[in-house]
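Down below is the structure, laid out as structure tokens.
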Amino acid sequence: MDQILQLLWLVPVLPLIASVILVSRPGWSRRRAHSVAIGALGFSGIISLLAFMKTLGADPATTAREVVTVTWFQMGVAPLQIGWVLDPLTAVMLTMVTFVGTLIFIFSTGYMASDERYRLFFAYLSLFAAAMLGMIISNSLLLLFICWELVGVASYLLIGFWAHKPSAAAAAKKAFITTRIGDIGFFIGMLWLASSSGSLLFFDNGSGCLEENALGLLGSQVTILGLALSTAISLLILWGAMGKSGQFPLHVWLPDAMEGPTPVSALIHAATMVAAGVFLMARLYPLMAAGATGTDDAFPVTGALIATTFVGSITALLGALIAVAQTDIKRILAYSTVSQLGYMMMGLGTGGPAVAMFHLITHAFFKALLFLGAGSVIHGCHDVQDIRRMGGLKGAMPVTFATYAIGMLALAGFPLLFAGFWSKDAILHSTHTWSVSHLPYWIGLIGAFLTAFYMTRQMFYVFFGGNRLNESEAESHPVPPPHESPAVMTWPLIILAAGAVLLGFIGTPAFPWFQGYIDRAPSTLSLSALFESGTLSVMILSSLVGLGGIGLAYLFYRPIAFRPNQQVDPLQRRLPRFFDLATHRFWIDELYDKTIVAAVGALALVSDLIDRKIVHRIVECVRRAVQGIAWVTRFTDEHLVNGAFDRSCDGFRWGARQGARLQSGQTQRYLKIVGSSLVGLVLVLIWISRS
């Protein structure tokens, strides 16, 4: 067995050990605490990089997949097996998560420097990283689900890290409960898959649930509503992925997760938790594609893939519409994440794992850059998060401005130069050639326009014009002027900015290396591919759409045309009803509060009344009845059974004492008894003879 494959289990275990050590060492200094956390994840990153290089050396024409299977425990004659897998999907995710995660850990040393629970913060970060990495290497859906739930626990701890804030505590509970709603579907789907395929191992020498034998069986069986069994199971697991990846209608937790420290937002929204749902569906893509009824440019079309595409389309549009009216710098990015995750789901449904994963990887870099950049802004503005109170940071924070601008242009899909343009265009191209419907393609274009618009809007609010930090503050409590963040926070921004530019060139139509790597297919450089009619038309239209969004936001929000301290937002002035809807997130949270939450509350109230008024009284009656029976039993036992037994014993004792008197050993007494007995006998005989 290859040595790298043997060591792969250490990738999640090292951060897990770091987390345990940090929890159990309350007296450790801050330097020692973050050194252990960063060092553990750094070593995991080295192993991940070696694993990635190993997959690069594999022949693209082969499966390039290796697995290790171990028996967890024995249940009768059937062993429960788990294990890990090394393939391109695993390798690229491990490399991305460890690299971006390490940068976020380093950034956190500066951002959280004054926090009293510094050591515990890094313990939670390490636990989170361990759970995500364990999920990635899993060759068993059961092991993946265990790590999936650990990700949920760690996110609960991190989102609610500042639990002294009621909003943070509420956000942590909301995230945990909402994702558990999705996990119910995941769990049911997992059980159904286990009972139908006989295995939860993905790959097991032809016997795994993602291999040909099981897929043929699952794709050929028909279940409820005429769905293929594979489709029905995939839809249940998709419900779990929708919760974790913030897809409509389970997206409501993700923006509220901004209540956690900004490095947590970067970790959750960029490289790990929200990407987990997309990764899960990419891993299970063979199951989703099983039993395909048709193909679209060699991509299968099934009910599960169609559902994935339209869920992603709705989410992409909804997130972008809400983002255009937000004023919290982190919430704008949060709704942007919701929208971009929708794009990934669209790409997965119409173009396969390679398309979705390409955008996932590029998005991890530029969205981590944007969140950490927002953290730098918040740090420099002394914890102010409202973009209406910022402005003029371009000169005060030059490094943050330059790197944030790169992240903004990558997210906005600025033509040709940035990674976001190429990964977004790959999704648009796949939706453009999708035979089922062109609606996702047009939704993707609208979302691209809105993305360019709201990110440019944010840039003008935050970095241009005059600084507005003290305009709403009393003169006696002025906020200090903004300042650039320390080098430990800006260097991760610079590295991520480089990735936001360079990563796009490994997946262009001219050189689709990334797609070939994921699909295990050869890829060659061909500049002519850029000028094919379908590719060129999508590139031109998406470029015009992106530039149009940037241009419109420039007309609205450039400092000459708009002064936030004196004027109403231009979009609000022109479209007040839409702006109000978007500001209030289309009232979806309120709708849930009035319907689902109210219904659950009413059910809880009814359950409480039934418990107190009916069940409690029944229990009380039963208690009293049992108590009465116990009293009767005690009375019977003590006064009847025990009393009769005691009296019998007393009688025996009296008789024994009387008998003992007869055994005195005195002959005279014995003669008296004999004489008395003879007299008595004579008298009896006389009485009998006379009668």
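All residue numbers in this chain count up from 1 along the given sequence.
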Spacing of [X] atom [atom1] and [Y] atom [atom2] [to the nearest 0.5 Å]:
{"X": "L193", "Y": "S230", "atom1": "CG", "atom2": "OG", "value": "10.0 Å"}
{"X": "I136", "Y": "L280", "atom1": "CD1", "atom2": "CG", "value": "12.0 Å"}
{"X": "W434", "Y": "H429", "atom1": "CH2", "atom2": "NE2", "value": "15.0 Å"}
{"X": "S542", "Y": "L428", "atom1": "OG", "atom2": "CG", "value": "6.0 Å"}
{"X": "I322", "Y": "H584", "atom1": "CD1", "atom2": "NE2", "value": "12.0 Å"}
{"X": "F586", "Y": "L591", "atom1": "CZ", "atom2": "CG", "value": "13.0 Å"}

Residue pair [X] / [Y], side-chain heavy-atom distance below 4.5 Å:
{"X": "T98", "Y": "L133", "result": "yes"}
{"X": "V324", "Y": "R457", "result": "no"}
{"X": "L321", "Y": "F578", "result": "yes"}
{"X": "P415", "Y": "L547", "result": "yes"}
{"X": "I361", "Y": "F358", "result": "no"}
{"X": "F511", "Y": "I506", "result": "no"}
{"X": "H251", "Y": "I588", "result": "yes"}
{"X": "T362", "Y": "K424", "result": "no"}

Establish, from distance only, whether the side-chain atoms of [X] and [Y] form a donor-acceptor pair under 3.5 Å.
{"X": "R283", "Y": "T90", "value": "yes"}
{"X": "Y554", "Y": "T456", "value": "no"}
{"X": "D569", "Y": "Y461", "value": "yes"}
{"X": "Y404", "Y": "Q458", "value": "yes"}

Please confirm whether the backbone N or O of [Y] pairs with a side-chain atom of [X], one donor and one acceptor, at under 3.5 Å?
{"X": "T179", "Y": "G243", "answer": "no"}
{"X": "S339", "Y": "Y335", "answer": "no"}
{"X": "S220", "Y": "L217", "answer": "yes"}
{"X": "E211", "Y": "C209", "answer": "no"}
{"X": "T309", "Y": "L305", "answer": "yes"}
{"X": "W422", "Y": "L416", "answer": "yes"}
{"X": "K244", "Y": "W148", "answer": "yes"}
{"X": "S430", "Y": "T350", "answer": "no"}
{"X": "Q326", "Y": "A582", "answer": "yes"}
{"X": "T231", "Y": "L227", "answer": "no"}

Which residues share a ring pair (Phe, Tyr, Trp, His ring centres under 6.0 Å) with Y343, sequence neighbours left out: none
Mutual orientation of the aromatic rings belonging to F453 and F556 [parallel < 30°, tilted 30-60°, perpendicular > 60°]: perpendicular
Mutual orientation of the aromatic rings belonging to H363 and H359 [parallel < 30°, tilted 30-60°, perpendicular > 60°]: tilted
Atom of F248, atom of M242 and distance for their closest heavy-atom approach: O-CE, 3.2 Å
Considering all heavy atoms, the nearest A307-L235 contact: CB-CD2, 3.7 Å
Y517 ring center within less than 6.0 Å of F52 ring center: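 Yes - the distance between ring centres of F52 and Y517 falls below the 6.0 Å cut-off.
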Aromatic centroids of W239 and F186 separated by under 6.0 Å: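 Centroid distance F186-W239: not below 6.0 Å, so no.
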Worked check of salt bridge (Lys or Arg N to Asp or Glu O under 4.0 Å) between D580 and R577: CA-CA 5 Å; D580 184 63; R577 292 185 178 179; over 6 Å; no
cation_pi(R558, F460) dist<6.0 Å, angle<=45: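 Negative - R558 is either too far from the ring of F460 or too far off its axis.
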